[in-house]
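Keep in mind that what you see is a predicted model, and the values were worked out from it rather than measured. Chain A is the first sequence line, chain B the second, and so forth, proteins listed ahead of strands; every chain is numbered from 1.
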There are 2 protein chains.
Amino acid sequence: MRSGQVTIKDIAKELGISASTVSRALKDHPDISSKTKVAVNELAKKWNYRPNAVALSLRHSKSNIIGVIIPEIVHHFFSSVISGIEEIAYKAGYNVMMFQSNESYEREIANVQALLSSRVDGVLVSMSKETKDFSHFKELRDNGIPIVFFDRICNELSSDNVIVDDFAGAFAAVDHLINIGCKRIAHLSAPQHMLLGQNRQKGYRQALIKHKIAIDEDLIIKCDNYEEAMLKTPELLKLSSPPDAIFAVNELTAAGALLAVKKVGFRVPEDISIVGFTDGLVSRVTDPNLTTLEQHGFEVGLKATELLVDRIKDGEMDYEPVTRVVKTNLIVRGSTREK
Amino acid sequence: MRSGQVTIKDIAKELGISASTVSRALKDHPDISSKTKVAVNELAKKWNYRPNAVALSLRHSKSNIIGVIIPEIVHHFFSSVISGIEEIAYKAGYNVMMFQSNESYEREIANVQALLSSRVDGVLVSMSKETKDFSHFKELRDNGIPIVFFDRICNELSSDNVIVDDFAGAFAAVDHLINIGCKRIAHLSAPQHMLLGQNRQKGYRQALIKHKIAIDEDLIIKCDNYEEAMLKTPELLKLSSPPDAIFAVNELTAAGALLAVKKVGFRVPEDISIVGFTDGLVSRVTDPNLTTLEQHGFEVGLKATELLVDRIKDGEMDYEPVTRVVKTNLIVRGSTREK
DNA sequence: ATATTAATTTCAAACGTTTGCGGTGACGAT
DNA sequence: ATCGTCACCGCAAACGTTTGAAATTAATAT
């Protein structure tokens with residue numbers, strides 16, 4: 001019995017021919033007689049020969065591996081992105097090596113080093129919240145490994161990016177609320193050091209400006225998770241002139257606000273309309289279902305990987321960076337209604 | 001400028017010494033003079049030398065890669081598992097190569113072949129729903145690659161498994177329902193060719209038997225997703241003696257049943273109590289929140305990977321397979337209440 | 001001066017595959 | 001006989017690294 005998997009050498013030895021002949025026979029090279037080809041292919045099938053990708057990587061200096069670094073996997077948007085990545089990678093013949101940074105800068109660096117050691121052909125990154133220095137990404141590029149950033153991008157590094165159109169999405173959400181008759185719209189927003197939080201708030205403001213509605217800073221509060229929403233929403237409702245709509249920066253926050261509003265005794269959507277962001281399962285199981293912005297994580301994954309694969313195939317490292325924007329779209333459900 | 005990344009040869013050439021000396025210097029081998037060591041290490045750091053993992057894999061016939069095949073990533077339970085996998089793999093110095101089968105048998109086979117080609121050191125698998133033939137998994141084992149199955153396991157193949165205690169979980173859920181006074185408990189179940197479906201139904205039956213409640217087969221229907229629950233729940237409620245509780249095989253089905261029940265006009269939990277399985281976000285945002293069984297996906301990932309890493313390190317392929325069980329626990333929320 | 005030992009370093013093979021080039025043998029043409 | 005032309009196949013190097021064994025150098029002992 002052989003130990004380990006079957007190699008070309010094993011086949012060559014068994015057939016009394018050289019390894020190079022086996023290699024050529026397997027690729028249907030014209031130099032090889034059909035008799036030999038048949039013999040080789042039969043034995044290869046019988047023995048379940050599988051080419052050793054490691055040896056091929058070494059030979060060709062090409063691993064056919066795409067590296068992915070993501071802040072955390074347990075998150076509907078990110079897992080959707082990974083799904084899209086895996087899909088394109090599979091079709092294009094690449095394998096996916098996956099790392100999560102857990103929002104830690106240290107770990108992100110360790111991940112990049114593993115990627116460098118593994119000689120991956122390209123990298124997809126969504127940065128950790130902690131990351132403020134980008135030299136580890138530069139090192140990747142200095143070594144000829146193309147990178148595409150997605151969602152959490154890096155403006156200091158001129159690089160390929162794929163992002164969600166947060167501004168337009170937020171604008172559409174608030175525009176919708178105004179069009180159905182809402183006049184005092186609160187915004188539960190994300191921290192402003194994140195581009196995402198900035199852009200969504202800008203969209204909110206721009207929609208109000210378009211409709212000539214005065215911006216009331218008291219209606220904009222930092223609140224970006226479920227628990228916080230349960231806590232802070234009641235206070236919003238106690239204002240002397242309470243809001244008649246809430247635009248939440250993400251889905252879970254919207255769900256928290258929804259529950260809080262109902263608990264206080266207001267009806268949704270009759271008294272208060274609510275819109276969230278990101279279309280996960282949550283929006284579809286609340287009562288009523290949440291109007292929300294589909295964020296197309298899957299498509300972000302697809303686009304980013306398509307772009308990366310192009311860069312890899314191209315082989316050139318002095319390209320003009322591109323930023324692709326994935327549009328969001330508003331899904332109107334039970335939590336908003338014409339007043 | 002060198003093309004590609006720095007190698008030991010580059011360092012050797014620059015310093016006018018042999019590659020083997022560089023290799024030994026980097027590993028602090030006693031044969032090498034400290035002067036040489038210093039020179040090598042300085043240059044290695046200056047040039048950002050990173051060992052080529054591909055060459056190491058080939059040399060040592062060990063890739064330090066763990067392969068993962070999962071039915072779909074966009075799923076709270078599975079992404080939790082992956083997170084656990086990645087955590088242990090990172091700590092143990094392994095990289096994770098990830099594939100999703102998309103519940104397709106064909107694709108699962110393709111994934112296994114990619115894993116074989118990549119010469120991964122071990123594999124973690126949760127099978128696709130379609131899979132009924134297991135020869136591709138046998139091939140992995142025949143080639144000395146240990147496998148640990150998780151959640152969707154395979155009883156025909158005697159193998160290492162990490163599973164959730166579906167039986168005990170289901171039993172606990174139904175026991176709880178009976179204890180709060182429910183008498184006619186319906187079960188929305190998964191297909192019975194899946195072990196998971198079987199075990200959860202067994203737990204359901206056992207709890208009824210324990211409490212000497214007759215089993216009514218009309219109350220057990222195959223129904224394991226949101227849409228189906230919306231469709232079939234109303235029919236259940238039209239029975240001459242309708243159920244006063246529903247035990248759903250998973251979270252989304254429970255959420256669908258909840259919405260359907262409310263739509264028909266029954267109240268939850270006053271008229272009908274509902275329990276789900278898996279503790280994702282969904283259970284926490286429905287109205288009322290769902291009583292459910294926490295499934296500890298992260299822990300499943302941890303345990304499975306720990307087991308796999310042990311098997312890899314051990315190196316022996318004729319081990320006695322082990323099945324580790326991760327306990328569930330019941331989280332009582334608003335959808336069930338004392339009657 | 002010569003043998004012995006120790007301290008460093010280099011050589012070469014190996015992991016599995018590909019690939020340019022050279023080689024062999026057969027066959028027909030001159 | 002000699003040459004050319006095919007058809008077919010093997011050699012050897014290369015990818016980057018490790019590692020047993022051999023080689024070199026220097027220092028010590030006789």
>> Between B:E130 and B:R152, does any side-chain N to carboxylate O distance fall below 4.0 Å?
In response: no
>> Tell me the interatomic distance from A:L15, atom CG, to D:dG10, atom P, rounded to whole angstroms.
In response: 10 Å
> Reading DNA chain C 5' to 3', how would its secondary structure be written in dot-bracket notation, given Watson-Crick and G-U pairs with both distances under 3.5 Å, brackets [ ] for crossing pairs and | for partners on other strands?
Replying inline: ||||||||||||||||||||||||||||||
> What nucleotide among C:dT9, C:dG16, D:dT17 has an atom nearest to a side-chain atom of A:T7?
Replying inline: C:dG16
>> Is it true that A:Q100 and B:S83 share a donor-acceptor pair across their side chains at a distance under 3.5 Å?
In response: yes
>> Rounded to whole Å, how long is the line connecting atom CG of A:N52 with atom C1' of C:dG16?
In response: 6 Å
> With nearest nucleotides of DNA chain C determined for B:S61 and B:R24 from heavy-atom distances, which residue corresponds to the more 5′ nucleotide?
Replying inline: B:R24
> A:K27 NZ to C:dG16 C1': how many Å, rounded?
Replying inline: 12 Å
> Can you tell me how far C1' of D:dA12 sits from NZ of A:K9, to the nearest Å?
Replying inline: 13 Å
>> Measuring from the side chain of A:L58 (C-beta onward, heavy atoms only), which nucleotide among D:dT19, C:dT17, D:dC15 has the closest atom?
In response: D:dC15
> How is A:S57 classified with respect to the nucleic acid when contacts are heavy atoms under 4.0 Å: base, sugar-phosphate, or nothing?
Replying inline: nothing
> Whole-Å distance between C:dC21 P and A:H29 NE2?
Replying inline: 13 Å
> Angle class for the A:F77/A:H75 ring planes (parallel below 30°, perpendicular above 60°, tilted otherwise)?
Replying inline: perpendicular
> In terms of side-chain heavy atoms of A:T21, which of C:dT9, C:dG16, D:dC9 is nearest?
Replying inline: D:dC9
> B:D31 has an atom CG; how far is it from atom P of D:dA23, in whole Å?
Replying inline: 16 Å
>> Let's see if you can work this out: which of C:dT8, D:dC9, C:dT10 has an atom nearest to the side-chain heavy atoms of B:S33?
In response: C:dT8
> Among D:dT17, D:dC8, C:dT17, which nucleotide sits nearest the side chain of A:I8?
Replying inline: C:dT17
>> A quick test of your reading: do over 12 heavy atoms of other residues, nucleotides or ligands sit less than 6.0 Å from NZ of A:K62?
In response: yes
>> For a quick check under 3.5 Å, do A:S104 and A:N102 share a side-chain donor-acceptor pair by atom type?
In response: no
>> Without decimals, in angstroms, what is the distance between B:L26 CG and D:dT19 C1'?
In response: 15 Å
> Step by step, would you call B:L115 with B:I69 a side-chain contact (heavy atoms from CB on, under 4.5 Å)?
Replying inline: CA-CA 9 Å; B:L115 253 17; B:I69 303 179; 3.6 Å; yes
>> From NZ of B:K62 over to C1' of D:dG16, roughly how many Å is that when rounded to an integer?
In response: 18 Å
> Are B:S18 and C:dC11 close enough that a side-chain N or O sits under 4.0 Å from OP1 or OP2?
Replying inline: no
>> Please compare B:H60 and B:K35 by the position of their nearest nucleotide in DNA chain C and report the one closer to 5'.
In response: B:K35
> A:R324 and A:E299: salt bridge (Lys or Arg N to Asp or Glu O under 4.0 Å), yes or no, with the steps?
Replying inline: CA-CA 11 Å; A:R324 299 243 168 101; A:E299 208 179 317; over 6 Å; no
>> Under a 4.0 Å threshold between the charged nitrogen and the carboxylate oxygen, would A:E14 count as salt-bridged to A:K46?
In response: no
> In terms of side-chain heavy atoms of A:A55, which of C:dT19, D:dG10, C:dG16 is nearest?
Replying inline: C:dG16
